[in-house]
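In what follows, a structure is listed as structure tokens, so that the remarks can point back to it.
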There are 2 protein chains.
Amino acid sequence: MLDGFLYSHKLAAGSRRQITSFFVPGDIADLNTLYLPSVDYGITSLGSAVVAFVSHAALKEMLDRSPSLTRAFWRESLMQAAIWHEWVTNLGRRDALARIAHVLCELTLRLQLAGLAREQSFSMPCTQVDIADACGISSVHANRIIQELRQLHVVEWDSRRVRILDWLALARLGDFSGSYLQLKQPAPDRKQAPPSGQGVPEWI
Amino acid sequence: MLDGFLYSHKLAAGSRRQITSFFVPGDIADLNTLYLPSVDYGITSLGSAVVAFVSHAALKEMLDRSPSLTRAFWRESLMQAAIWHEWVTNLGRRDALARIAHVLCELTLRLQLAGLAREQSFSMPCTQVDIADACGISSVHANRIIQELRQLHVVEWDSRRVRILDWLALARLGDFSGSYLQLKQPAPDRKQAPPSGQGVPEWI
DNA sequence: CGTCTCCTTGAGTTAACTCAACGTACGTGG
DNA sequence: CCACGTACGTTGAGTTAACTCAAGGAGACG
């Protein structure tokens, strides 16, 4: 993924949509299909996006030649798994306010890592319906919770743009600790602002 | 994992436990730690279990020498990710009855694959509290839903043993399609019984 | 015989849902 | 330029699924 915003989604009971993850530039949206051929979810773009396609054959050939590249791609898929692991907890044991705050925290860090969230502000192409479907709540309820976040002066959120006003409060509301994102340096809840420099991962 | 029953869990808001997956014999419970060192969850055994430990150093050395083994282990970690992917949907967009039914369906198939659920019956060491924590509901509610499943004559569930009485009905209630488990032959919802023979995976 | 763990039940409460309507902005075509 | 449709956000009101608290049973075990 080179530019834009994607999400993957599954359908429950035929019509109830669950957004299962967001993808930002730098992510590989369907790395799992490399070895798990049967696909039971969809990927949709929010607005226009730029994506690159790599054939499985070419990728496999490349990986067969390079154990270190294999490690890097494998690790990438483990990262995706860690995010789902956290989402299970988010959806299972947090209330609506915490769920939305948590998703916002995750997106902030991931966009910052991609260099797309300078000064705690980033463009947010999803609608409130999308947020609701990501958090497993109704869109009406999502709307009310977002208004609550605004009234708490924790975020500004107008016309497809989000600005975090109080990172610490947002992380507290969302019960968020970025450890599952395996960021090396940041310790995202240690200081007021999340990291703005994007550390070069040392695992390569 | 050689024998028994494990689960992994995370804590939300300090005290609310979410069980994030079950592990049955044949699974590798913490394969992700091979390349994601920071661990933010726990693994617990339900009753006694037999597990084997393999040092990361030895495993890495082995994988460096064998691309096909690497693929197999990578694929194993992708399977875990696919299960979490499904759980996100389960927790986000299904009601309590469907969540429990879905988890039961998944366990049935996975145990059957491990040869531990002959005749749609298997030992189930978790308490109703554990089921509740896996499904993101309260234990009181879990109890009432389980009673409902019994009254519907879909499952028998007494003293740590589960027997599926009506697989088709259970799968329907749980909105379950086993496709995310990537089973080759079964098409688990095409016939009354889930597959009893465990096909040799062809991806190796 | 007491204690512990787990299951069960009742009753009141609450978070979140559904339905329905209305506002606003934006684009499009007459 | 205005009428219209559409998409999205917002609000109100009634409903429901699930929760919490609290108590009571059943079995296992020393």
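We use all heavy atoms of the structure for the numbers below, so side chains are in, but hydrogens, waters and symmetry mates are not. Lettering follows sequence order; numbering is per chain, from 1.
- Note that the CD1 atom of A:Ile43 and the CG atom of A:Leu6 stand 6.5 Å from one another [nearest 0.5 Å].
- In this structure, B:His85 and A:Trp84 have parallel ring planes: the angle between them is below the 30° cut-off, well short of the 60° mark.
- No close placement of the B:His9 and B:Tyr41 rings is indicated, their centers lying 6.0 Å or farther apart.
- Here the P atom of nucleotide D:dA26 and the CG atom of B:Asp158 are 15 Å apart, to the nearest Å.
- Across the protein-nucleic acid pair, B:Glu148 atom CD and C:dT8 atom P stand 14 Å apart, rounded to whole Å.
- In this structure A:Ala82 satisfies the side chain to side chain contact (heavy atoms under 4.5 Å, CB included) test together with B:Leu36, sequence neighbours excluded.
- We find that CE of A:Met124 is positioned 11 Å from P of D:dG9, with the value rounded to whole Å.
- Rounding to whole angstrom units, CD1 of residue A:Ile146 and P of D:dC8 are separated by 14 Å.
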Every protein N/O within reach of nucleotides 4-7 of chain C N/O, cut-off under 3.5 Å:
{"residue": "C:dC6", "atom": "O3'", "partner": "B:Arg160", "partner atom": "NH2", "Å": "3.4"}
{"residue": "C:dC7", "atom": "OP2", "partner": "B:Gln128", "partner atom": "N", "Å": "2.9"}

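- Ring orientation note: the planes of B:Phe176 and B:His102 are nearly perpendicular, at an angle over 60° on the 30°/60° scale.
- Ring pair B:Trp74/A:Trp74 is parallel by interplanar angle, where below 30° counts as parallel and above 60° as perpendicular.
- Looking only at atom types and distance, the side chain of B:Ser21 has a donor-acceptor partner in the side chain of B:Ser8 under 3.5 Å away.
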Report each atom pair, protein N/O against N/O of nucleotides 17-23 of chain C, whose distance is under 3.5 angstrom.
{"residue": "C:dC17", "atom": "OP1", "partner": "A:Ser138", "partner atom": "N", "Å": "3.0"}
{"residue": "C:dC17", "atom": "OP2", "partner": "A:Ser138", "partner atom": "N", "Å": "3.0"}
{"residue": "C:dC17", "atom": "OP2", "partner": "A:Ser138", "partner atom": "OG", "Å": "3.0"}

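- Checking the phosphate oxygens (OP1, OP2) of D:dT11, a side-chain nitrogen or oxygen of A:Gln147 falls inside 4.0 Å.
- A donor-acceptor pair under 3.5 Å links the side-chain atoms of B:Arg99 to the main chain of B:Arg94, judged by distance alone.
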